[in-house]
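To start, the structure under review is shown below, and the notes come after it.
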Protein chains: 2
Amino acid sequence: MTEATRRERLRAETEREIRQAARALLVESGRDAVTLRAIARKLGITAPALYRYYDSHDALLRQLCDDICADMAAALYADLAADTSGQVGCKVRAVCHAFRRWALAHPQEFALVFASPRDPLGADQFGSVFLQLAGPLIASNEDANHVHEEVPAVLHEDLVRFQQVLRDAVAEHGVTLADEVLNLGKIYHVVQSWVRLYGHVALEVFGRFPFAVSNPEPMFDSMLDQMLSDIGFDEG
Amino acid sequence: MTEATRRERLRAETEREIRQAARALLVESGRDAVTLRAIARKLGITAPALYRYYDSHDALLRQLCDDICADMAAALYADLAADTSGQVGCKVRAVCHAFRRWALAHPQEFALVFASPRDPLGADQFGSVFLQLAGPLIASNEDANHVHEEVPAVLHEDLVRFQQVLRDAVAEHGVTLADEVLNLGKIYHVVQSWVRLYGHVALEVFGRFPFAVSNPEPMFDSMLDQMLSDIGFDEG
DNA sequence: CGGTTTCAGTGAACGGTGTTTACAAGAGTT
DNA sequence: AACTCTTGTAAACACCGTTCACTGAAACCG
């Protein structure tokens, strides 16, 4: 049984409906359609009532971003779990494909979360998703630590910091990483992989490839091949 | 002297002021601040007057996108011309740096043009900029055609089409390209370079790197090094 | 020159938006 | 039963895109 009082249950229910309505409006008609009055209309209430739940329209949009990130994370985890091959390379590939698939299926959400020149947005949420996914995957790839190139010294400071962030993320899963498996060269390639992954997906979602690509999926696959090879995963 | 009548001159002047006001609003306060009424206020006229110049708010935004693309193109050309080293690799590097610098200096414009899930937007404008820049640069790099890797057969169709687009773009400059210098492997790397260039710049502008990068420029430089090496330019 | 057309700009209006305020009415508490 | 806390309302304000009837001056023409 729920410990919450009747009022608390009703409030939670209304808040859920608000988020749901906001999400539906975003998906159906884009960011500009996520209007306090439109949301209220969907719930059969008036706009000012929403101020009992959110301080402003902006705050509601921020919440929407967090919800989107959480949903995306769930989708990525699901696709990751669906990959039953023991191979780590396959898992990485599965997650990357899931990210592309999610972005193409949710262009409005993608644009809101990943392409707004705003301060925090869903930054925290997303960062954790990336770390939760990338960290353990890299960690589990112990046998492919032959990547040991030198990276420019100027990058060391940032890469060491990211190394620590990754180590902490993995530690929450109860795994400890050796410097050998998580060397700076690999860290660098992880960042570069995120650049390419994001670049391809954003270009595809926003239609900004320099020419019409009839079927971008093979190009994405080809890019993944090189990414995985760069990062030190065996082909497969 | 101008052939235009007095009325035509005044109209052109007003139109220029409209674009200028719209641009200022975008830069100062973001996309949502580019309002017909706010523009009119800046010109000392009323909002409906703007309908004598643009069919709708949307049409005005589209024009704004075109203006931004044109300005960016001018900035890139200027930075390209400023590079007096004869080396093609240096020119490519200069243009890439110019693109990053422009994006960081104009985040709102970048977001509007490059990160909206809309149909054409400034697509034509931008595409031409990319082609005008990339085509001649690749063409002039005749001695570095040692890149001749195999690309997946599924990509051939698209790459051949892009090859033709590039060839046409270069032809307008009076240069004819041999298949040897513009082979599919190189074409593929050009596309991949655009993915990485766009990915890095967008991530930096939108603050979506998975960790705080204290000084992204060296990372950008490092990426350029690999890009140029992939594409077949000599180090320099 | 006088008459007519063209056209940039106005003011009022409509329905939409975020937000604030004062107020009502029910739920929970004592 | 009396009181408080919470959730909603209605009205209002200022802003938005857009339309429409209208004005006044510039441009054109006989």
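Everything numeric here is computed off the predicted structure, so don't read it as measured data. So you know, we letter chains A, B, ... as the sequences are listed, proteins then strands, and number each from 1.
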Applying salt bridge (charged side-chain N to carboxylate O under 4.0 Å, His left out), can you list everything that pairs with B/Glu17, at least two apart in sequence or on another chain? none
Let me have a per-nucleotide readout for nucleotides 9-22 of chain C, 5' to 3', with B, S or -, counting only protein heavy atoms under 4.0 Å. BBBBB---BBBB--
Output all residues satisfying salt bridge (charged side-chain N to carboxylate O under 4.0 Å, His left out) with A/Asp55, sequence neighbours left out; order by chain, then residue number. none
For nucleotides 25-30 of chain C, read 5' to 3', which letter fits each nucleotide if B means a protein heavy atom sits under 4.0 Å from the base, S means only the sugar-phosphate is that close, and - means neither? -BBS--
Does the side-chain hydrogen bond (donor to acceptor under 3.5 Å, both in side chains) test come out yes or no for A/Tyr51 and A/Ser56, once each step is laid out? CA-CA 7 Å; A/Tyr51 282 82; A/Ser56 67; over 6 Å; no
Which whole-number value in Å describes the distance from B/Asp32 CG to D/dC16 P? 12 Å
Between D/dG17 atom P and B/Leu61 atom CG, what is the distance in whole Å? 9 Å
Determine whether the aromatic ring centres of A/Tyr198 and B/His200 lie less than 6.0 Å apart. no
Euclidean distance, atom CZ of residue B/Arg31 to atom C1' of D/dC16 [Å, nearest integer]: 14 Å
Using the salt bridge (charged side-chain N to carboxylate O under 4.0 Å, His left out) criterion, which residues pair with B/Asp71? Sequence neighbours excluded. B/Arg23
Specify the separation, in whole Å, of atom CZ of B/Arg11 and atom P of C/dT6. 15 Å
Any residue meeting salt bridge (charged side-chain N to carboxylate O under 4.0 Å, His left out) with A/Arg11, in chain and number order, not counting sequence neighbours: none
Kindly say whether the aromatic ring centers of B/Phe99 and B/Phe114 come within a distance under 6.0 Å. yes
Whole angstroms only, please: what is the CD-P distance between A/Glu8 and D/dT6? 10 Å
Output for pair (A/Lys42 NZ, A/Leu25 CG), nearest 0.5 Å, gives 5.0 Å
